[in-house]
2 protein chains.
Amino acid sequence: MSLQHFSTKDRILYAAEELFAQQGFASTSLRQVTSRADVNIAAVNYHFGSKDNLVNEVFRRRMDVMSAQRLDALHRALETAPGQLEPILAAFVEPALAMAQDRHGGGAFIRVIARTYAENNDSLRKFLSDQYGHVLREFAKAIAGCVPGLGKEELYWRLDFLSGALTYAMADFGLIKRPSGVSEATHRQRAAQALIRFAAAGFQAEAH
Amino acid sequence: MSLQHFSTKDRILYAAEELFAQQGFASTSLRQVTSRADVNIAAVNYHFGSKDNLVNEVFRRRMDVMSAQRLDALHRALETAPGQLEPILAAFVEPALAMAQDRHGGGAFIRVIARTYAENNDSLRKFLSDQYGHVLREFAKAIAGCVPGLGKEELYWRLDFLSGALTYAMADFGLIKRPSGVSEATHRQRAAQALIRFAAAGFQAEAH
DNA sequence: GTCTATATGCAGATAGAC
DNA sequence: GTCTATCTGCATATAGAC
(Lines give C-alpha, C1' and ligand atoms only; values in the text may rest on other atoms or scores of the structure.)
Protein backbone atom coordinates (compact mmCIF):
# COMPACT_ATOMS: atom_id res chain seq x y z
CA MET A 1 0.00 0.00 0.00
CA SER A 2 1.22 3.47 -0.88
CA LEU A 3 1.41 5.65 2.18
CA GLN A 4 2.53 8.91 0.67
CA HIS A 5 -0.84 10.67 0.96
CA PHE A 6 -1.29 10.05 4.66
CA SER A 7 -0.20 11.97 7.70
CA THR A 8 2.82 10.84 9.68
CA LYS A 9 0.58 9.34 12.33
CA ASP A 10 -1.50 7.34 9.84
CA ARG A 11 1.57 6.21 7.94
CA ILE A 12 2.89 4.77 11.18
CA LEU A 13 -0.39 2.97 11.85
CA TYR A 14 -0.51 1.40 8.39
CA ALA A 15 3.13 0.40 8.41
CA ALA A 16 2.88 -1.06 11.90
CA GLU A 17 -0.22 -3.05 10.99
CA GLU A 18 1.45 -4.62 7.99
CA LEU A 19 4.62 -5.48 9.86
CA PHE A 20 2.72 -6.84 12.87
CA ALA A 21 0.76 -9.06 10.48
CA GLN A 22 3.91 -10.36 8.86
CA GLN A 23 6.17 -10.75 11.86
CA GLY A 24 4.19 -10.40 15.06
CA PHE A 25 4.43 -7.69 17.64
CA ALA A 26 7.52 -8.79 19.44
CA SER A 27 9.76 -9.20 16.44
CA THR A 28 8.74 -5.96 14.79
CA SER A 29 11.00 -3.11 15.84
CA LEU A 30 9.98 0.49 15.80
CA ARG A 31 12.90 1.08 13.51
CA GLN A 32 11.32 -1.20 10.94
CA VAL A 33 8.01 0.58 11.34
CA THR A 34 9.40 4.06 10.90
CA SER A 35 11.58 2.96 8.03
CA ARG A 36 8.61 1.50 6.14
CA ALA A 37 6.44 4.50 6.99
CA ASP A 38 9.27 6.74 5.86
CA VAL A 39 9.15 8.82 9.01
CA ASN A 40 11.72 9.52 11.66
CA ILE A 41 12.26 7.07 14.48
CA ALA A 42 11.39 9.65 17.10
CA ALA A 43 7.94 10.18 15.58
CA VAL A 44 6.54 7.00 17.14
CA ASN A 45 7.19 8.16 20.64
CA TYR A 46 5.98 11.61 19.82
CA HIS A 47 2.64 10.39 18.42
CA PHE A 48 2.02 7.24 20.43
CA GLY A 49 4.14 7.46 23.54
CA SER A 50 5.31 3.87 23.48
CA LYS A 51 5.35 0.72 21.41
CA ASP A 52 2.66 -0.92 23.57
CA ASN A 53 0.33 1.97 23.01
CA LEU A 54 0.96 1.80 19.27
CA VAL A 55 -0.17 -1.83 19.36
CA ASN A 56 -3.38 -0.84 21.10
CA GLU A 57 -4.11 1.90 18.60
CA VAL A 58 -3.54 -0.42 15.65
CA PHE A 59 -6.20 -2.63 17.19
CA ARG A 60 -8.76 -0.07 18.12
CA ARG A 61 -8.85 1.46 14.65
CA ARG A 62 -10.11 -1.74 12.99
CA MET A 63 -11.85 -3.54 15.78
CA ASP A 64 -14.43 -0.82 16.40
CA VAL A 65 -15.47 -0.98 12.75
CA MET A 66 -15.66 -4.76 12.58
CA SER A 67 -17.63 -5.09 15.81
CA ALA A 68 -20.15 -2.51 14.71
CA GLN A 69 -20.58 -4.25 11.36
CA ARG A 70 -21.12 -7.58 13.09
CA LEU A 71 -23.76 -6.21 15.43
CA ASP A 72 -25.54 -4.36 12.61
CA ALA A 73 -25.62 -7.49 10.50
CA LEU A 74 -26.80 -9.54 13.48
CA HIS A 75 -29.69 -7.21 14.20
CA ARG A 76 -30.71 -7.19 10.55
CA ALA A 77 -30.57 -11.00 10.48
CA LEU A 78 -32.73 -11.31 13.61
CA GLU A 79 -35.27 -8.98 12.08
CA THR A 80 -35.50 -10.29 8.53
CA ALA A 81 -34.85 -13.99 9.13
CA PRO A 82 -35.91 -14.81 12.69
CA GLY A 83 -35.12 -18.31 13.88
CA GLN A 84 -32.61 -18.99 11.10
CA LEU A 85 -29.10 -19.94 12.08
CA GLU A 86 -27.14 -19.35 8.89
CA PRO A 87 -27.83 -15.61 8.63
CA ILE A 88 -26.57 -15.21 12.20
CA LEU A 89 -23.37 -17.02 11.39
CA ALA A 90 -23.03 -14.96 8.23
CA ALA A 91 -23.29 -11.82 10.36
CA PHE A 92 -20.34 -13.07 12.37
CA VAL A 93 -18.21 -14.29 9.49
CA GLU A 94 -18.78 -11.77 6.74
CA PRO A 95 -17.42 -8.63 8.41
CA ALA A 96 -14.16 -10.52 8.91
CA LEU A 97 -14.29 -11.45 5.25
CA ALA A 98 -14.96 -7.85 4.27
CA MET A 99 -12.04 -6.71 6.39
CA ALA A 100 -9.79 -9.27 4.76
CA GLN A 101 -10.70 -7.82 1.37
CA ASP A 102 -10.45 -4.20 2.39
CA ARG A 103 -8.25 -2.23 0.02
CA HIS A 104 -6.95 -0.04 2.81
CA GLY A 105 -4.85 -2.63 4.54
CA GLY A 106 -7.58 -4.43 6.46
CA GLY A 107 -6.31 -7.76 5.20
CA ALA A 108 -3.24 -7.35 7.31
CA PHE A 109 -5.41 -6.73 10.32
CA ILE A 110 -7.05 -10.15 10.07
CA ARG A 111 -3.63 -11.69 10.44
CA VAL A 112 -2.89 -9.34 13.32
CA ILE A 113 -5.93 -10.79 15.08
CA ALA A 114 -4.66 -14.30 14.55
CA ARG A 115 -1.37 -13.30 16.05
CA THR A 116 -3.03 -11.86 19.09
CA TYR A 117 -4.41 -15.22 20.04
CA ALA A 118 -0.95 -16.68 19.86
CA GLU A 119 1.05 -13.97 21.52
CA ASN A 120 0.10 -14.15 25.13
CA ASN A 121 -0.22 -10.44 25.61
CA ASP A 122 -2.33 -10.33 28.76
CA SER A 123 -3.04 -6.65 28.69
CA LEU A 124 -4.14 -6.82 25.06
CA ARG A 125 -6.41 -9.79 25.72
CA LYS A 126 -7.97 -8.02 28.66
CA PHE A 127 -8.47 -4.94 26.52
CA LEU A 128 -10.21 -7.01 23.83
CA SER A 129 -12.37 -8.90 26.26
CA ASP A 130 -13.39 -5.69 28.04
CA GLN A 131 -14.08 -3.74 24.88
CA TYR A 132 -15.59 -6.34 22.62
CA GLY A 133 -16.82 -9.19 24.85
CA HIS A 134 -20.41 -7.99 24.59
CA VAL A 135 -20.38 -8.69 20.85
CA LEU A 136 -19.70 -12.37 21.43
CA ARG A 137 -22.35 -12.52 24.12
CA GLU A 138 -24.96 -11.12 21.76
CA PHE A 139 -24.11 -13.72 19.17
CA ALA A 140 -24.27 -16.47 21.78
CA LYS A 141 -27.75 -15.38 22.74
CA ALA A 142 -28.91 -15.24 19.13
CA ILE A 143 -27.54 -18.69 18.33
CA ALA A 144 -29.08 -20.16 21.47
CA GLY A 145 -32.43 -18.91 20.22
CA CYS A 146 -32.04 -21.02 17.06
CA VAL A 147 -30.81 -24.20 18.72
CA PRO A 148 -33.00 -24.49 21.79
CA GLY A 149 -31.78 -27.87 23.06
CA LEU A 150 -28.16 -26.78 23.24
CA GLY A 151 -26.53 -26.52 26.67
CA LYS A 152 -24.65 -23.41 27.63
CA GLU A 153 -21.27 -25.11 27.88
CA GLU A 154 -21.71 -26.81 24.53
CA LEU A 155 -22.77 -23.52 22.97
CA TYR A 156 -19.62 -21.79 24.13
CA TRP A 157 -17.39 -24.63 22.98
CA ARG A 158 -18.92 -24.35 19.56
CA LEU A 159 -18.46 -20.61 19.45
CA ASP A 160 -14.80 -21.23 20.19
CA PHE A 161 -14.61 -23.73 17.35
CA LEU A 162 -16.18 -21.20 15.00
CA SER A 163 -13.75 -18.49 16.07
CA GLY A 164 -10.79 -20.81 15.65
CA ALA A 165 -11.87 -21.97 12.22
CA LEU A 166 -12.59 -18.42 11.10
CA THR A 167 -9.31 -17.05 12.35
CA TYR A 168 -7.37 -19.86 10.78
CA ALA A 169 -9.12 -19.72 7.43
CA MET A 170 -9.17 -15.95 7.06
CA ALA A 171 -5.54 -15.63 8.02
CA ASP A 172 -4.51 -18.04 5.27
CA PHE A 173 -2.87 -20.48 7.61
CA GLY A 174 -4.44 -23.57 6.14
CA LEU A 175 -3.87 -26.02 3.34
CA ILE A 176 -6.02 -24.35 0.77
CA LYS A 177 -4.16 -22.33 -1.76
CA ARG A 178 -6.10 -20.09 -4.05
CA PRO A 179 -6.34 -21.65 -7.54
CA SER A 180 -4.76 -19.40 -10.14
CA GLY A 181 -8.00 -18.93 -12.08
CA VAL A 182 -9.91 -17.65 -9.06
CA SER A 183 -9.77 -14.11 -7.77
CA GLU A 184 -8.82 -13.35 -4.21
CA ALA A 185 -12.31 -12.02 -3.51
CA THR A 186 -14.08 -15.07 -4.94
CA HIS A 187 -11.75 -17.37 -3.06
CA ARG A 188 -12.52 -15.75 0.26
CA GLN A 189 -16.23 -15.66 -0.45
CA ARG A 190 -16.19 -19.38 -1.05
CA ALA A 191 -14.30 -19.90 2.17
CA ALA A 192 -16.87 -17.88 4.07
CA GLN A 193 -19.76 -19.83 2.54
CA ALA A 194 -18.05 -23.13 3.30
CA LEU A 195 -17.45 -22.07 6.89
CA ILE A 196 -21.03 -20.93 7.40
CA ARG A 197 -22.35 -24.28 6.14
CA PHE A 198 -19.85 -26.25 8.20
CA ALA A 199 -20.54 -24.32 11.38
CA ALA A 200 -24.32 -24.32 10.94
CA ALA A 201 -24.29 -28.11 10.77
CA GLY A 202 -21.92 -28.22 13.73
CA PHE A 203 -24.08 -25.97 15.90
CA GLN A 204 -27.11 -28.09 15.13
CA ALA A 205 -25.44 -31.42 15.93
CA GLU A 206 -26.93 -33.25 18.88
CA ALA A 207 -24.73 -33.21 21.95
CA HIS A 208 -23.95 -36.62 23.37
CA MET B 1 8.00 -29.09 35.76
CA SER B 2 11.08 -29.99 37.76
CA LEU B 3 14.10 -30.22 35.55
CA GLN B 4 16.74 -31.23 38.02
CA HIS B 5 17.00 -34.86 36.90
CA PHE B 6 17.67 -34.09 33.26
CA SER B 7 20.84 -33.42 31.34
CA THR B 8 21.80 -29.89 30.44
CA LYS B 9 20.59 -30.43 26.89
CA ASP B 10 17.17 -31.75 27.94
CA ARG B 11 16.75 -29.07 30.55
CA ILE B 12 17.25 -26.50 27.81
CA LEU B 13 14.65 -28.20 25.58
CA TYR B 14 12.03 -28.32 28.32
CA ALA B 15 12.65 -24.77 29.45
CA ALA B 16 12.60 -23.45 25.88
CA GLU B 17 9.35 -25.27 25.11
CA GLU B 18 7.60 -23.77 28.11
CA LEU B 19 8.83 -20.27 27.42
CA PHE B 20 8.04 -20.47 23.71
CA ALA B 21 4.52 -21.56 24.65
CA GLN B 22 4.10 -18.64 27.02
CA GLN B 23 5.74 -15.88 25.06
CA GLY B 24 6.40 -17.01 21.51
CA PHE B 25 9.73 -17.56 19.86
CA ALA B 26 10.71 -14.01 19.16
CA SER B 27 10.16 -12.61 22.62
CA THR B 28 11.86 -15.45 24.42
CA SER B 29 15.53 -14.72 24.95
CA LEU B 30 18.17 -17.38 25.41
CA ARG B 31 18.95 -15.76 28.71
CA GLN B 32 15.45 -16.56 29.92
CA VAL B 33 15.81 -20.12 28.69
CA THR B 34 19.13 -20.77 30.37
CA SER B 35 18.04 -19.06 33.54
CA ARG B 36 14.93 -21.27 33.81
CA ALA B 37 16.90 -24.37 32.86
CA ASP B 38 19.51 -23.37 35.43
CA VAL B 39 22.37 -23.76 32.99
CA ASN B 40 24.91 -21.33 31.72
CA ILE B 41 24.08 -19.02 28.86
CA ALA B 42 26.87 -20.41 26.74
CA ALA B 43 25.42 -23.93 26.91
CA VAL B 44 22.74 -23.18 24.30
CA ASN B 45 25.24 -22.42 21.62
CA TYR B 46 27.37 -25.33 22.65
CA HIS B 47 24.51 -27.85 22.40
CA PHE B 48 22.33 -26.35 19.67
CA GLY B 49 24.51 -23.97 17.69
CA SER B 50 21.93 -21.20 17.43
CA LYS B 51 18.55 -20.10 18.64
CA ASP B 52 16.89 -21.06 15.33
CA ASN B 53 18.17 -24.57 15.59
CA LEU B 54 16.91 -24.84 19.15
CA VAL B 55 13.43 -23.94 17.86
CA ASN B 56 13.61 -26.74 15.29
CA GLU B 57 14.70 -29.28 17.86
CA VAL B 58 11.91 -28.31 20.24
CA PHE B 59 9.54 -29.08 17.40
CA ARG B 60 10.95 -32.29 16.13
CA ARG B 61 10.96 -33.93 19.56
CA ARG B 62 7.15 -33.74 19.92
CA MET B 63 5.89 -33.70 16.37
CA ASP B 64 7.29 -37.10 15.43
CA VAL B 65 5.46 -38.67 18.37
CA MET B 66 2.15 -36.95 17.70
CA SER B 67 2.13 -37.76 13.98
CA ALA B 68 2.87 -41.42 14.62
CA GLN B 69 0.07 -41.58 17.19
CA ARG B 70 -2.36 -39.99 14.76
CA LEU B 71 -1.53 -42.43 11.97
CA ASP B 72 -1.67 -45.43 14.33
CA ALA B 73 -5.07 -44.35 15.58
CA LEU B 74 -6.26 -43.69 12.03
CA HIS B 75 -5.28 -47.16 10.85
CA ARG B 76 -6.94 -48.76 13.84
CA ALA B 77 -10.11 -46.75 13.20
CA LEU B 78 -10.23 -47.75 9.54
CA GLU B 79 -9.88 -51.40 10.54
CA THR B 80 -12.28 -51.61 13.46
CA ALA B 81 -14.91 -49.09 12.37
CA PRO B 82 -14.83 -48.85 8.58
CA GLY B 83 -17.03 -46.20 7.05
CA GLN B 84 -17.51 -44.30 10.32
CA LEU B 85 -16.48 -40.67 10.43
CA GLU B 86 -16.24 -39.95 14.14
CA PRO B 87 -13.49 -42.48 14.88
CA ILE B 88 -11.39 -40.92 12.13
CA LEU B 89 -11.84 -37.46 13.61
CA ALA B 90 -11.04 -38.88 17.04
CA ALA B 91 -7.79 -40.25 15.63
CA PHE B 92 -6.92 -36.73 14.55
CA VAL B 93 -8.04 -34.91 17.67
CA GLU B 94 -7.11 -37.24 20.51
CA PRO B 95 -3.33 -37.35 20.09
CA ALA B 96 -3.38 -33.55 20.38
CA LEU B 97 -5.47 -33.96 23.50
CA ALA B 98 -3.08 -36.57 24.89
CA MET B 99 -0.18 -34.26 24.20
CA ALA B 100 -1.94 -31.42 25.97
CA GLN B 101 -2.30 -33.63 29.04
CA ASP B 102 1.18 -35.08 28.94
CA ARG B 103 2.94 -34.75 32.27
CA HIS B 104 6.27 -34.21 30.62
CA GLY B 105 5.61 -30.78 29.28
CA GLY B 106 3.65 -31.71 26.16
CA GLY B 107 0.92 -29.27 27.09
CA ALA B 108 3.25 -26.44 26.38
CA PHE B 109 3.95 -27.89 22.97
CA ILE B 110 0.32 -27.61 21.88
CA ARG B 111 0.56 -23.89 22.47
CA VAL B 112 3.85 -23.83 20.62
CA ILE B 113 2.04 -25.29 17.61
CA ALA B 114 -0.60 -22.60 17.79
CA ARG B 115 2.14 -20.02 17.81
CA THR B 116 3.71 -21.48 14.76
CA TYR B 117 0.65 -20.76 12.69
CA ALA B 118 0.75 -17.17 13.78
CA GLU B 119 4.45 -16.49 13.55
CA ASN B 120 5.16 -16.40 9.88
CA ASN B 121 8.32 -18.46 10.08
CA ASP B 122 8.58 -19.65 6.49
CA SER B 123 11.37 -22.12 7.02
CA LEU B 124 9.52 -23.69 9.95
CA ARG B 125 6.29 -23.94 7.95
CA LYS B 126 8.10 -25.53 5.06
CA PHE B 127 9.77 -27.97 7.45
CA LEU B 128 6.37 -28.93 8.88
CA SER B 129 4.70 -29.29 5.51
CA ASP B 130 7.58 -31.39 4.17
CA GLN B 131 7.87 -33.62 7.22
CA TYR B 132 4.24 -34.05 8.22
CA GLY B 133 2.12 -33.21 5.18
CA HIS B 134 1.52 -36.86 4.39
CA VAL B 135 -0.34 -37.26 7.68
CA LEU B 136 -2.95 -34.71 6.62
CA ARG B 137 -3.26 -36.32 3.21
CA GLU B 138 -4.00 -39.70 4.77
CA PHE B 139 -6.72 -38.19 6.89
CA ALA B 140 -8.19 -36.41 3.88
CA LYS B 141 -8.41 -39.71 2.03
CA ALA B 142 -10.04 -41.47 4.97
CA ILE B 143 -12.62 -38.75 5.47
CA ALA B 144 -13.42 -38.66 1.75
CA GLY B 145 -14.23 -42.37 2.04
CA CYS B 146 -16.92 -41.60 4.63
CA VAL B 147 -18.49 -38.61 2.88
CA PRO B 148 -18.63 -39.68 -0.75
CA GLY B 149 -20.50 -36.71 -2.18
CA LEU B 150 -18.00 -34.17 -0.88
CA GLY B 151 -15.92 -32.27 -3.43
CA LYS B 152 -12.18 -32.05 -3.02
CA GLU B 153 -12.10 -28.31 -2.44
CA GLU B 154 -14.87 -28.48 0.14
CA LEU B 155 -13.07 -31.35 1.88
CA TYR B 156 -9.88 -29.36 2.23
CA TRP B 157 -11.71 -26.29 3.48
CA ARG B 158 -13.31 -28.39 6.15
CA LEU B 159 -10.01 -29.91 7.17
CA ASP B 160 -8.72 -26.39 7.62
CA PHE B 161 -11.70 -25.54 9.78
CA LEU B 162 -11.08 -28.61 11.92
CA SER B 163 -7.40 -27.74 12.32
CA GLY B 164 -8.23 -24.18 13.25
CA ALA B 165 -10.84 -25.18 15.78
CA LEU B 166 -8.56 -27.81 17.28
CA THR B 167 -5.60 -25.50 17.56
CA TYR B 168 -7.68 -22.78 19.09
CA ALA B 169 -9.47 -24.98 21.59
CA MET B 170 -6.47 -27.02 22.70
CA ALA B 171 -4.33 -23.95 23.12
CA ASP B 172 -6.86 -22.42 25.51
CA PHE B 173 -7.37 -19.35 23.40
CA GLY B 174 -11.12 -19.33 23.59
CA LEU B 175 -13.88 -18.18 25.85
CA ILE B 176 -14.30 -21.36 27.79
CA LYS B 177 -12.70 -21.32 31.18
CA ARG B 178 -12.46 -24.56 33.07
CA PRO B 179 -15.07 -24.67 35.87
CA SER B 180 -13.40 -25.00 39.26
CA GLY B 181 -15.04 -28.34 40.03
CA VAL B 182 -13.74 -30.00 36.86
CA SER B 183 -10.27 -31.44 36.45
CA GLU B 184 -8.00 -30.28 33.67
CA ALA B 185 -8.11 -33.76 32.09
CA THR B 186 -11.91 -33.97 32.16
CA HIS B 187 -12.21 -30.48 30.78
CA ARG B 188 -10.01 -31.28 27.80
CA GLN B 189 -11.76 -34.58 27.20
CA ARG B 190 -15.06 -32.77 27.00
CA ALA B 191 -13.57 -30.28 24.59
CA ALA B 192 -12.33 -33.10 22.37
CA GLN B 193 -15.71 -34.82 22.40
CA ALA B 194 -17.49 -31.58 21.62
CA LEU B 195 -15.13 -30.87 18.75
CA ILE B 196 -15.51 -34.35 17.27
CA ARG B 197 -19.30 -34.01 17.29
CA PHE B 198 -19.19 -30.51 15.87
CA ALA B 199 -16.78 -31.43 13.10
CA ALA B 200 -18.53 -34.68 12.21
CA ALA B 201 -21.73 -32.77 11.60
CA GLY B 202 -19.81 -30.14 9.69
CA PHE B 203 -18.11 -32.65 7.39
CA GLN B 204 -21.44 -34.25 6.64
CA ALA B 205 -23.22 -31.01 5.82
CA GLU B 206 -24.38 -30.73 2.25
CA ALA B 207 -22.37 -28.27 0.20
CA HIS B 208 -24.41 -25.61 -1.49
C1' DG C 1 31.17 -29.80 29.22
C1' DT C 2 30.88 -25.76 31.69
C1' DC C 3 32.34 -21.46 33.07
C1' DT C 4 33.68 -16.03 32.81
C1' DA C 5 34.33 -12.34 30.12
C1' DT C 6 33.51 -9.88 26.30
C1' DA C 7 32.59 -8.55 21.29
C1' DT C 8 29.14 -6.55 18.54
C1' DG C 9 24.82 -4.93 17.40
C1' DC C 10 20.12 -3.40 17.81
C1' DA C 11 16.37 -2.39 20.85
C1' DG C 12 13.17 1.44 23.04
C1' DA C 13 13.24 5.84 24.66
C1' DT C 14 14.40 10.79 25.19
C1' DA C 15 16.83 15.50 25.12
C1' DG C 16 17.15 19.36 22.78
C1' DA C 17 18.04 22.04 18.26
C1' DC C 18 15.33 23.68 14.48
C1' DG D 1 6.05 18.31 14.32
C1' DT D 2 10.27 16.66 12.92
C1' DC D 3 14.98 16.11 13.15
C1' DT D 4 19.96 14.43 15.03
C1' DA D 5 22.38 12.54 18.51
C1' DT D 6 22.69 9.82 22.31
C1' DC D 7 21.54 7.19 26.72
C1' DT D 8 20.89 2.70 28.55
C1' DG D 9 20.03 -1.94 28.37
C1' DC D 10 19.69 -6.47 26.64
C1' DA D 11 20.19 -9.46 22.71
C1' DT D 12 23.05 -13.38 20.28
C1' DA D 13 27.24 -15.23 19.85
C1' DT D 14 32.05 -16.52 20.78
C1' DA D 15 36.94 -16.86 22.78
C1' DG D 16 39.47 -19.02 25.86
C1' DA D 17 40.43 -20.58 30.91
C1' DC D 18 39.35 -24.51 33.74
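From a predicted model like this one, the values you see are computed outputs, not experimental measurements. Note on naming: letters A, B, ... go to the chains in the order of the sequence lines (proteins, then strands), and numbering restarts at 1 for each one.
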Engineer: Tell me: NE2 of B:His47 to P of D:dA13, nearest whole Å?
Structural biologist: 16 Å
Engineer: Just how far, in rounded Å, is P of D:dA11 from CD of B:Gln23?
Structural biologist: 11 Å
Engineer: Aromatic rings A:Phe92 and A:Phe139: how do their planes relate, parallel, tilted or perpendicular, breaks at 30° and 60°?
Structural biologist: perpendicular
Engineer: Can A:Arg36 be said to sit on top of A:Tyr14's aromatic six-ring, NZ or CZ under 6.0 Å from centre and within 45° of the ring axis?
Structural biologist: no
Engineer: Does A:Lys9 qualify as a cation-pi partner of A:Tyr46, given the criterion of NZ or CZ under 6.0 Å from the six-membered ring centre and within 45 degrees of its axis?
Structural biologist: no
Engineer: Mind checking whether B:Met66 and B:Ile113 have side chains closer than 4.5 Å, heavy atoms only?
Structural biologist: yes
Engineer: Does the side chain of B:Thr8 get closer than 4.0 angstrom to OP1 or OP2 of C:dT2 through an N or O atom?
Structural biologist: yes
Engineer: Nearest-Å distance, CD1 (B:Ile12) to P (C:dC3)?
Structural biologist: 10 Å
Engineer: Return the value, rounded to whole Å, for the distance between atom CG of A:Leu54 and atom P of C:dA11.
Structural biologist: 15 Å
Engineer: Can you tell me how the ring of B:Phe198 sits relative to the ring of A:Phe161, calling it parallel under 30°, perpendicular over 60° and tilted otherwise?
Structural biologist: tilted
Engineer: List the protein contact pattern of nucleotides 12-18 of chain C with one symbol per nucleotide (5' to 3'): B for base contact, S for sugar-phosphate-only contact, - for none; contact means a heavy-atom distance under 4.0 Å.
Structural biologist: BSB----
Engineer: Parallel under 30°, tilted from 30 to 60°, perpendicular over 60°: which one fits the rings of B:Phe25 and B:Phe59?
Structural biologist: tilted
Engineer: Quick one: is B:Asn40 getting a side-chain N or O under 4.0 Å of the C:dT4 phosphate, OP1 or OP2?
Structural biologist: yes
